[in-house]
Undergrad: 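Below you'll find the structure I mean.
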Number of protein chains: 2
Amino acid sequence: MARISPAPQRFERRVPGIDYAVLDGLVGYALRRAQIAIYEDFESALGPLAVTPQRFSALVVIAGNPGITQGTLGRVLGIARSGVVLVVHGLQEQGWVTREAHGQDARTWLLKLTPEGSVLLTAARRRVRAHDARIGRRLSPAERAQLIALLDRLGPDA
Amino acid sequence: MARISPAPQRFERRVPGIDYAVLDGLVGYALRRAQIAIYEDFESALGPLAVTPQRFSALVVIAGNPGITQGTLGRVLGIARSGVVLVVHGLQEQGWVTREAHGQDARTWLLKLTPEGSVLLTAARRRVRAHDARIGRRLSPAERAQLIALLDRLGPDA
DNA sequence: TATTGTTATACTCTATAACTATA
DNA sequence: TATAGTTATAGAGTATAACAATA
């Protein structure tokens with residue numbers, strides 16, 4: 001039985017026989033390791049819809065805050081203004097987002113979802129919820145909530 | 001008082017007035033949000049040493065597993081063989097890593113730290129530990145341990 | 001035939017800086 | 001002067017595919 005495509009290379013959290021030394025006790029490394037595994041699942045679940053994690057975040061934020069400007073979207077996503085142009089352009093190319101003129105300030109654009117964008121987002125949201133449930137399947141609801149709460153408290157700020 | 005350099009753009013976890021909708025309940029988004037903030041702190045702490053998270057992981061793994069091959073290192077880091085070439089090349093350019101011939105298999109290289117690499121790693125390890133303590137400063141030791149344990153259980157596997 | 005590493009190439013994501021048009 | 005968005009450009013980081021040497 002011939003193998004059609006090469007075995008999908010999956011990330012191994014622990015390669016047998018390897019000493020991870022100090023890495024095993026670091027919060028940052030545990031986070032990185034988890035995210036690599038999670039990204040693979042997101043990609044296989046949302047890739048067919050041409051939705052990346054960043055695009056999903058952008059769509060949700062635009063949907064929940066219609067008329068948001070590119071500058072504010074950039075702050076939410078944590079990327080530079082020049083990057084927002086590219087993200088928004090991609091969403092426009094897909095027909096999911098439109099930019100409308102701002103009445104008072106001719107410099108800014110108001111971002112909104114198109115009807116097609118709303119339909120897409122509904123499907124994507126469903127898949128993302130399933131994906132998120134899948135990656136957290138080994139956690140109880142309480143553990144899942146606590147994980148989110150602990151993650152929210154991470155950071156160098158006092 | 002003139003501002004010398006532009007205010008260092010920091011990631012805002014929650015932009016005031018923005019509805020994050022479904023994002024707030026997702027483990028994956030909490031992870032992403034935490035990692036952006038953490039990466040900024042890592043960068044400011046280790047950037048001066050020319051050490052990235054990936055380089056740090058590679059150095060720790062090579063130090064703890066002297067003679068590891070590039071293929072195995074790639075599996076540990078979760079990247080393709082072609083990417084390992086670039087990482088290792090960068091570490092060699094810094095004078096931190098050498099490749100020695102394998103006695104039995106002429107195809108493979110054995111990776112080892114140089115004395116300079118060991119010195120660098122000692123300094124980097126100290127800074128990473130401080131960084132990791134800093135990002136987890138709002139967590140008790142028990143909470144920190146639990147966070148790592150919860151992260152280790154994430155993933156789509158049964 | 002399969003494996004290890006290399007090279008060529010390309011794509012994504014991100015940033016900085018210079019630019020425009022407005023305010 | 002300052003701000004919103006755009007463009008040009010560059011640098012990471014990653015991947016795939018074709019290749020050489022070796023197993």
Side-chain angles (χ1 to χ4, degrees), chain A residues 2-3 5-11 32 35-36 39-40 42-44 46-47 50-58 67-94 97 99-111, chain B residues 2-3 5-11 32 35-36 39-40 42-44 46-47 50-58 67-94 97 99-111:
Chain A
R3 191 188 284 156
S5 57
Q9 258 282 73
R10 288 207 32 216
F11 174 61
R32 181 179 173 82
Q35 210 181 38
I36 294 177
Y39 181 77
E40 286 181 1
F42 188 104
E43 166 61 22
S44 69
L46 278 295
V51 172
T52 61
Q54 187 183 58
R55 279 184 165 187
F56 180 71
S57 304
I68 190 175
T69 63
Q70 293 188 186
T72 303
L73 181 59
R75 284 171 59 201
V76 174
L77 299 179
I79 62 176
R81 287 175 298 157
S82 57
V84 180
V85 175
L86 302 179
V87 174
V88 171
H89 188 240
L91 297 176
Q92 280 184 294
E93 273 188 336
Q94 298 284 341
V97 163
R99 302 191 306 172
E100 297 179 8
H102 184 293
Q104 274 70 51
D105 190 335
R107 294 172 303 179
T108 71
W109 297 99
L110 305 183
L111 303 174
Chain B
R3 190 186 286 157
S5 58
Q9 257 283 74
R10 288 208 32 217
F11 174 61
R32 181 180 172 83
Q35 209 181 39
I36 294 177
Y39 181 76
E40 285 181 2
F42 188 104
E43 166 61 22
S44 70
L46 278 295
V51 172
T52 62
Q54 187 184 59
R55 279 184 164 187
F56 180 71
S57 304
I68 190 176
T69 63
Q70 292 188 187
T72 304
L73 181 59
R75 283 170 60 201
V76 174
L77 298 179
I79 62 176
R81 286 175 299 157
S82 57
V84 179
V85 174
L86 301 179
V87 175
V88 171
H89 187 240
L91 297 176
Q92 281 183 295
E93 273 188 336
Q94 298 283 342
V97 163
R99 303 191 305 172
E100 297 179 7
H102 183 293
Q104 273 71 51
D105 190 334
R107 294 172 304 181
T108 70
W109 295 99
L110 304 182
L111 302 174

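Residue numbers start from 1 in every chain, and the chains themselves are labelled A, B, ... in the order their sequence lines are given, proteins ahead of strands.
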Undergrad: Give the rounded distance in Å between these two atoms: CG of Asp105(B) and C1' of dA2(C).
TA: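 Atom CG in Asp105(B) sits about 12 Å away from atom C1' in dA2(C).
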
Undergrad: Shortest non-hydrogen contact from Arg55(B) to Ala50(B)?
TA: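 Shortest heavy-atom contact: NH1-O, 2.8 Å.
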
Undergrad: Could I get the full list of ring-ring contact (aromatic ring centres under 6.0 Å, His included) partners for Tyr39(B), not counting sequence neighbours?
TA: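 ring-ring contact (aromatic ring centres under 6.0 Å, His included) list for Tyr39(B), sorted by chain: empty.
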
Undergrad: Please report the distance, rounded to the nearest Å, between CZ in Arg32(B) and C1' in dC13(C).
TA: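 So the CZ-C1' distance, Arg32(B) to dC13(C), works out to 10 Å.
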
Undergrad: Per the side-chain contact (heavy atoms from CB on, under 4.5 Å) rule, which among Val88(B), Thr108(B), Leu110(B) passes with Arg99(B)?
TA: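 Of all the options given, the one that passes is Val88(B).
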
Undergrad: In whole angstroms, how far is the P atom of dT6(D) from the CD1 atom of Ile79(A)?
TA: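 My rounded result for the distance is 13 Å.
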
Undergrad: Could you check how far CG of Leu91(A) sits from C1' of dT12(C), rounded to whole Å?
TA: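 Nearest whole value for this atom pair: 15 Å.
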
Undergrad: Check the interface with nucleotides 5-8 of chain C: list each N/O to N/O pair with the protein under 3.5 Å, or write none.
TA:
residue, atom, partner, partner atom, Å
dG5(C), OP1, Gln70(B), N, 3.3
dG5(C), OP1, Trp109(B), N, 3.4
dG5(C), OP2, Gly71(B), N, 2.7
dG5(C), N7, Arg81(B), NH1, 2.6
dG5(C), O6, Arg81(B), NH1, 3.3
dT6(C), OP1, Arg99(B), NH1, 2.3
dT6(C), OP1, Arg99(B), NH2, 3.1
dT6(C), OP2, Gln70(B), OE1, 3.3
dT6(C), OP2, Gln70(B), NE2, 2.8
dT6(C), OP2, Arg99(B), NH1, 3.4

Undergrad: Gln54(A) CD to dG13(D) P: how many Å, rounded?
TA: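 For the pair Gln54(A) CD and dG13(D) P, the rounded distance is 18 Å.
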
Undergrad: Do Ile79(A) and Val87(A) have side chains that approach each other closer than 4.5 Å (heavy atoms only, starting at C-beta)?
TA: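 They are in contact (side-chain heavy atoms under 4.5 Å apart), so the answer is yes.
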
Undergrad: Within the structure provided, determine whether Glu40(B) and Phe11(B) are in side-chain contact (heavy-atom separation under 4.5 Å).
TA: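 Answer yes - side chains close enough.
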
Undergrad: Is the shortest side-chain N/O distance from Gln104(B) to OP1 or OP2 of dT22(D) below 4.0 Å?
TA: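 Indeed not, no polar side-chain atom of Gln104(B) lies that close.
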
Undergrad: Rounded to whole angstroms, how far apart are CD on Glu43(B) and P on dG13(D)?
TA: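 Result: 10 Å.
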
Undergrad: How about NE2 on His89(A), more than 12 heavy atoms from neighbouring residues, nucleotides or ligands closer than 6.0 Å, or not?
TA: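 Check fails, neighbour count at 12 or below.
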
Undergrad: Nearest-Å distance, CZ (Arg55(B)) to P (dT14(D))?
TA: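 Going from Arg55(B) (CZ) to dT14(D) (P), I get 12 Å.
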
Undergrad: Starting at CZ of Arg75(B) and ending at C1' of dT14(D), how long is that distance when rounded to a whole Å?
TA: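 Result: 19 Å.
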
